[in-house]
Amino acid sequence: MLNVGMIGCGKIAQLRHLPEYDENPRCAIKALYDTVPERAAEMSGLFGGTPYPSIESILADPQIDAVSVCAANAFHASITIAALDAGKHVLCEKPMATSLEDCERMVAAAERNGRVLMIGHNQRFADSNRVARELVTSGEIGSILSFSSNFGHSGPEQWTGQSNPWFFDRNVALFGAIADLGIHKIDLIHFLTGQTAIEATAIVETLDKKFPDGNPITVDDNAFCILRLSGGAIGTVRASWTFYGQEDNSTRLYGTKGVLRIDDDPEYALILEKKTGECIRYEIGKILTNEEQLAGKKKKSGIIDAFADAILDGTKPISAGSDAIHAMKVVFGALRSSMKRETVVL
Ligand SMILES: NC(=O)c1ccc[n+]([C@@H]2O[C@H](COP(=O)([O-])OP(=O)(O)OC[C@H]3O[C@@H](n4cnc5c(N)ncnc54)[C@H](O)[C@@H]3O)[C@@H](O)[C@H]2O)c1
């Protein structure tokens with residue numbers, strides 16, 4: 001049995017971590033903490049476990065084996081490193097941290113303490129992406145020549161239900177759409193292709209979002225990235241908080257033998273179009289949109305089960321900190337590229 005502590009009891013804890021720990025017969029939610037104590041108390045009423053008075057009190061409890069870090073971005077690194085040094089396994093939400101040095105310190109802390117560190121790159125666990133990766137690996141689309149991957153919706157105001165969420169504040173979030181949404185797609189491209197980005201050319205800007213006083217938000221709301229991968233493929237990753245219509249969570253991989261269309265068709269989560277003209281449509285579940293999650297539609301992301309399996313069975317973590325760091329390097333490289341108005345070697 002894995003005894004778990006929840007640090008940060010906001011939206012992602014409520015909609016993903018707590019329900020999925022609750023559903024896993026090998027996990028028990030034992031401790032909850034949030035800087036807003038009523039939130040931890042409310043979640044304790046719904047999912048069990050005891051509200052603790054501080055992060056330190058959770059980390060000092062020898063009964064707690066693992067923690068989920070679901071606080072705002074600026075706090076990820078310090079909480080994660082403290083938890084690993086206290087001997088806990090950690091599932092930390094994305095974006096991993098707000099500096100590359102902190103990402104490296106997190107991975108080093110996991111290694112020196114012999115603990116599992118996973119990052120919330122849950123798109124790796126979606127059926128469509130998992131099967132797509134198998135098809136790429138088995139050579140169904142040949143060598144990948146190019147790709148495009150988009151993640152855009154109307155912004156974190158809808159997700160949090162607040163007109164001025166912390167996501168807009170550079171001091172707490174550090175980055176906007178690029179690391180809120182783009183990080184998922186950068187990591188996904190690494191996962192699907194088995195390659196890593198080696199070069200980035202990007203424009204990362206604030207096009208529309210404003211604070212209630214009318215001033216632009218202090219993080220980006222749009223990111224346009226052109227990436228070159230280690231295997232030679234070139235493609236785009238686009239992240240946006242200003243898609244004021246239907247959410248776009250789509251990816252296409254273009255290979256020498258065909259095309260894979262992932263989550264870009266209203267009916268089929270995965271379509272393989274072969275150069276020969278053959279088209280295979282896969283009957284697998286689509287990834288949940290933010291809107292569907294907020295409306296209470298349930299579908300396991302799978303990341304909590306994988307975290308528990310990695311700790312209890314010693315299985316290889318699928319979204320380990322040591323993998324996530326490569327995607328974070330691309331985020332920081334894209335920001336540098338945008339600032340300098342030039343292509344950056346990663
Ligand atoms: N994997 C995903 O798809 C996904 C989706 C949404 C959010 N997230 C990430 O999850 C994290 C939390 O986002 P959210 O949407 O739940 O935000 P949220 O604002 O709903 O929740 C954050 C919670 O953390 C608490 N908090 C803030 N600082 C804290 C601290 N130092 N210690 C303990 N609690 C603290 C807040 O009071 C709040 O309850 C963010 O980093 C976000 O990027 C990931």
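Source: prediction; values computed, not measured. Whatever order the structure lists ligands and atoms in, that order sets their numbers, starting from 1.
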For atom 11 (C) of ligand 1, the protein heavy atom that lies nearest, with its residue and separation
Ala71 O, 3.4 Å

Looking only at protein heavy atoms, what sits closest to atom 2 (C) of ligand 1 is Arg16 NH1, 3.3 Å

Is the closest N or O pair between Gly120 and ligand 1 shorter than 3.5 Å?
yes

Under 4.0 Å between a side-chain nitrogen and a carboxylate oxygen: does that hold for Arg26 and Asp305?
no

Arg39 neighbourhood, listing ligand 1 atoms whose heavy-atom distance to it stays under 4.0 Å
36 (C), 37 (O), 38 (C), 39 (O)

Flag this pair as yes if the NZ/CZ of Arg238 is under 6.0 angstrom from the six-membered ring centre of Phe151 and inside a 45 degree cone about the axis; otherwise no.
no

Which of the atoms of ligand 1 are close to Asn73, meaning less than 4.0 Å from one of its heavy atoms?
40 (C), 41 (O), 43 (O)

for atom 21 (O) of ligand 1, nearest protein heavy atom and its distance come out as Gly10 CA, 3.2 Å

Check which hydrophobic residues are tied to Ile234 through side-chain heavy-atom contacts below 4.5 Å, counting indirect links as well, and list them.
Ile226

Considering the heavy atoms of Asn122, write down every atom of ligand 1 situated less than 4.0 Å from one of them.
1 (N), 2 (C), 3 (O)

Decide whether an N or O pair under 3.5 Å exists between Ile7 and ligand 1.
no

With the threshold set at under 4.0 angstrom, would you say Gln14 reaches ligand 1 through any of its heavy atoms?
no

Atom 7 (C) of ligand 1 has as its nearest protein heavy atom Ile12 CB, 3.9 Å

Please could you name the atoms of ligand 1 that His76 approaches to less than 4.0 Å, counting only its heavy atoms?
41 (O)

Would you call Asp65 and Lys30 a salt bridge, taking side-chain N to carboxylate O under 4.0 Å as the test?
no

Ligand 1 to Val36, heavy atom cutoff 4.0 Å, flagged ligand atoms 37 (O)

Of all protein heavy atoms, the one nearest atom 35 (C) of ligand 1 is Thr35 OG1, 3.4 Å

Atom 22 (C) of ligand 1: of Gly8, Pro95, Cys70, the nearest heavy atom sits on Cys70

Need the ligand 1 atom indices (1-based, order shown) with element for anything under 4.0 Å from a heavy-atom of Ile55.
32 (N)

Should Glu273 and Arg261 count as an ion pair when the cut-off is N to O under 4.0 Å?
yes

Atom 32 (N) of ligand 1: of Phe75, Phe151, Tyr33, the nearest heavy atom sits on Tyr33

Check which hydrophobic residues are tied to Ile271 through side-chain heavy-atom contacts below 4.5 Å, counting indirect links as well, and list them.
Tyr268

Parallel, tilted or perpendicular: ring planes of Trp241 versus Phe168, cut at 30 and 60 degrees:
tilted

Would Glu342 and Arg336 pass as an ion pair if we require N to O under 4.0 Å?
no

Between Glu199 and Leu229, is there a donor-acceptor pair closer than 3.5 Å when you use the side chain of the first and the backbone of the second?
no

May I ask you to identify the nearest protein heavy atom to atom 13 (O) of ligand 1, giving residue, atom name and distance to one decimal place in Å?
Trp166 CZ2, 3.8 Å

Where ligand 1 meets Lys11 - atom numbers and elements under 4.0 angstrom, heavy-atom basis
15 (O), 16 (O), 18 (P), 20 (O), 21 (O)

Contacting atoms of ligand 1, where contact means under 4.0 angstrom from a heavy atom of His184:
1 (N), 2 (C), 3 (O)

N/O of Thr160 under 3.5 Å from N/O of ligand 1, yes or no?
no

Taking atom 9 (C) of ligand 1 as the reference point, the nearest protein heavy atom with its distance:
Lys94 O, 3.4 Å

Nearest non-hydrogen protein atom, atom 15 (O) of ligand 1:
Trp159 NE1, 2.6 Å

For Gln162, does the CD atom sit with more than 12 other heavy atoms under 6.0 Å from it, leaving out its own atoms?
yes

Whether Ser338 side chain and Ala334 backbone form a donor-acceptor pair below 3.5 Å
no

If the threshold is 4.0 Å, N to carboxylate O, is there a salt bridge linking Arg281 and Glu267?
no

Compute whether any side-chain donor of one residue and acceptor of the other, for Tyr282 and Asp127, lie under 3.5 angstrom apart.
no

